[in-house]
Amino acid sequence: MRRVVVTGMGAITPLGLNVKDFFENVKAGNHGFGIISKFDASEYKAHVAAEVKGFVAKEFMDFKAAKRMEPFSQYAVAAAKEAMEQAGLDMEKEDPYRVGCSIGSGIGSLDAVEREYTKLVQKGPNRVNPLLVPMMISNMAAGNVSIAYGLKGKSLNVVTACATGTHSIGEAYRSIQTGDADVMLAGGTESSITPIGVAGFAALTALSGSQDPDRCSIPFDKERDGFVMGEGAGVVVLEELEHAKARGAKILAEVAGYGATSDAYHITSPAEDGMGAAVAMKRAVEESGAAMEDITYINAHGTSTHHNDLFETRAIKQAFGGHAKNMKINSTKSMIGHLLGAAGAVEFITCVKEMEEGFIHETRGLKNPDEELDLDYVQGHGIEMELTYALSNSLGFGGHNASILIKKYEE
C-alpha cells in the first residue's frame with residue numbers, strides 16, 4: 001500500500017475562518033457559543049449554537065459563483081482554498097484526473113428547502129428557484145470544490161451523518177493507498193443552524209437546553225444534557241508520499257490507519273457496549289502496525305449527550321483495556337459544538353495541529369465527570385505533550401463508526 005501524507009489544511013469554524021485563528025482560540029480555551037442569531041429561537045427547546053461569524057463568501061471565491069452556492073458549499077470552497085494554498089498545489093502542473101475530491105455534508109442545505117418551500121406555499125410552484133435542487137443537495141460541496149479548482153479525478157460525497165468528515169478523509173486515504181488518485185482534497189462541511197434543523201434535533205432530545213453559552217456543550221460532565229449545533233468546514237490535502245516529496249511539499253503528518261464499522265443496533269443510539277466503535281479503533285491502530293499501547297491520545301467524538309459519552313468511554317475501554325487509563329482523551333466539541341458532517345474533518349485538523357505544537361487542548365467546561373466516565377479527559381487546562389500518534393473518532397446516527405489514526409511523519 002502507498003503511504004499517504006497531509007500537505008495542506010483549511011478550516012472555517014465558529015472560532016476562526018482559518019486554521020491559525022481556529023487553533024489559537026482552541027489553545028486559549030475559548031469557545032464559539034452564543035445565543036442563536038440566525039433566526040428567533042426564543043420558542044425553541046434549544047437556544048444556543050456555535051455559528052460561523054464574519055464569513056463573507058466573496059472574500060474567498062468568485063462573487064457570481066458564490067451566489068449559486070448555499071453556505072455549506074461556500075464554506076467547503078473557502079476551506080479548500082486555504083488547504084491548497086498551504087499545500088502549494090499548482091493544478092497547472094498536475095494531471096487533473098489524478099487529483100480528486102472527497103468532501104461530504106451530512107445534510108446539505110435545509111435553509112434552501114425551508115426558503116423555497118415557503119415560496120411554494122405562499123406564491124405557488126412556479127416561483128420556486130430553478131437552482132433549488134443543485135443548491136441543496138449534499139454532493140454539491142464536492143462538486144463546487146472540484147469545479148472551482150479543476151479537480152477531475154474521483155469525486156465523492158460520503159454521507160454518514162456525524163461520521164461524514166472522518167469517513168470522507170478515510171475514503172480519500174484509501175483512494176490514494178490503492179492508486180485511484182495521487183492527491184485528494186478531503187473533509188466535511190455543514191450549515192444547518194436553521195429553524196427545522198434546530199427543531200428537529202431538539203425534538204429528538206439530542207440538543208442541549210442550556211441558555212448559558214459558557215456552560216452548554218460539556219462532554220463527559222454529569223450535568224451534560226445534549227450537544228450544541230455548530231457549523232463550518234474542514235478540508236485537508238492528502239497526497240501520496242512520493243508525489244509530495246517530488247514536488248517539494250512540506251509534510252504535516254501521515255495518515256497511518258483507518259477503521260470503519262457499523263453498530264447495526266439503533267438509528268440514533270450507539271451500541272451500549274461500545275463494541276462497534278471499539279473495533280473501528282482497533283482496526284485503525286492495527287493497520288498502522290503500532291501497538292495499542294503506543295496510542296496515548298484520542299480526540300473523542302465527545303458530543304455531550306448522555307449516551308455518546310458513556311458508550312464511547314466504554315468503547316475506548318473495550319479497545320485499549322487497562323491502557324485506557326493512561327491515555328489523554330479530549331473533545332473539541334466542548335469549544336465549537338457539533339459540526340455534524342464537518343466535525344470529523346475539523347477534529348482531524350485539530351489532531352494535526354496538536355501533534356505539530358506538542359499540545360493537547362482541554363475538554364472545556366468539564367467540572368464533574370459522570371461516575372462511569374473515569375478516564376483522563378484533560379480537565380481544567382490543556383497540557384504540553386509530545387505526540388507520535390493521534391486517534392480521531394466519529395460516530396454517526398445510523399450506527400456509523402469511523403476512526404482515523406494520524407502519525408507524526410518520519411522518512
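Note that these values count all heavy atoms, side chains included, but never hydrogens, waters or copies made by symmetry.
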Between [Y] and [X], is there a side-chain donor-acceptor contact under 3.5 Å, judged purely by atom types and distance?
X	Y	answer
N401	T261	yes
E312	N393	yes
T303	T305	yes

Tell me whether the rings of F60 and F55 are parallel (<30°), tilted (30 to 60°) or perpendicular (>60°).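 Parallel, since the angle between the ring planes stays under 30°.
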Quiz item: Taking the six-membered ring where the residue is Trp, are the ring centres of H301 and H338 under 6.0 Å apart?
Solution: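 Yes.
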* Can we call the ring centroids of Y297 and Y389 under 6.0 Å apart? ->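 No, the ring of Y297 stays outside the 6.0 Å limit from the ring of Y389, centre to centre.
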Heavy atoms from other residues, nucleotides or ligands near [atom1] of [X] exceed 12 (cutoff 6.0 Å):
X	atom1	value
K53	NZ	yes
R314	CZ	yes
K317	NZ	yes
L120	CG	yes

>> Between E51 and S37, is there a side-chain heavy-atom distance shorter than 4.5 Å?
In response: yes
Report task. Flag the pair V183 / L89 as yes when at least one side-chain heavy-atom distance between them is below 4.5 Å, and no otherwise. Result ->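 Yes, their side chains come closer than 4.5 Å.
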Between [X] and [Y], which heavy-atom pair has the shortest distance, and what is it?
X	Y	result
A11	I349	CB-CD1, 4.3 Å
I193	K38	O-CD, 3.4 Å
A345	G187	CB-CA, 3.7 Å
P14	A50	CG-O, 3.4 Å
A271	D263	N-OD2, 3.1 Å
A112	S109	N-OG, 3.0 Å

> Can you tell which of K408, R3, R2, K407 makes a salt bridge (Lys or Arg N to Asp or Glu O under 4.0 Å) with E254?
Replying inline: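 Among K408, R3, R2, K407, the one that satisfies the salt bridge (Lys or Arg N to Asp or Glu O under 4.0 Å) with E254 is R3.
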May I ask you to decide if [Y]'s main-chain N or O and [X]'s side chain share a donor-acceptor pair within less than 3.5 Å?
X	Y	result
E190	G106	yes
N144	M140	yes
H31	I336	no

If you draw the axis of the six-membered ring of F359, does the NZ or CZ of K27 fall within 45° of it and under 6.0 Å from the ring centre?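 Yes.
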Rounded to the nearest 0.5 angstrom, the CD-CG distance for E70 and L132 is 8.5 Å
Check your understanding: So does R98 pair up with E94, basic N to acidic O under 4.0 Å?
Key -> no
inquiry  = Between K325 and D374, does any side-chain N to carboxylate O distance fall below 4.0 Å?
reply    = yes
* To do: Decide side-chain hydrogen bond (donor to acceptor under 3.5 Å, both in side chains) for S208 and D225; before the verdict, give the C-alpha distance in whole Å, the side-chain angles of both, and the deciding distance to 0.1 Å.
  => CA-CA 5 Å; S208 171; D225 70 339; 2.7 Å; yes
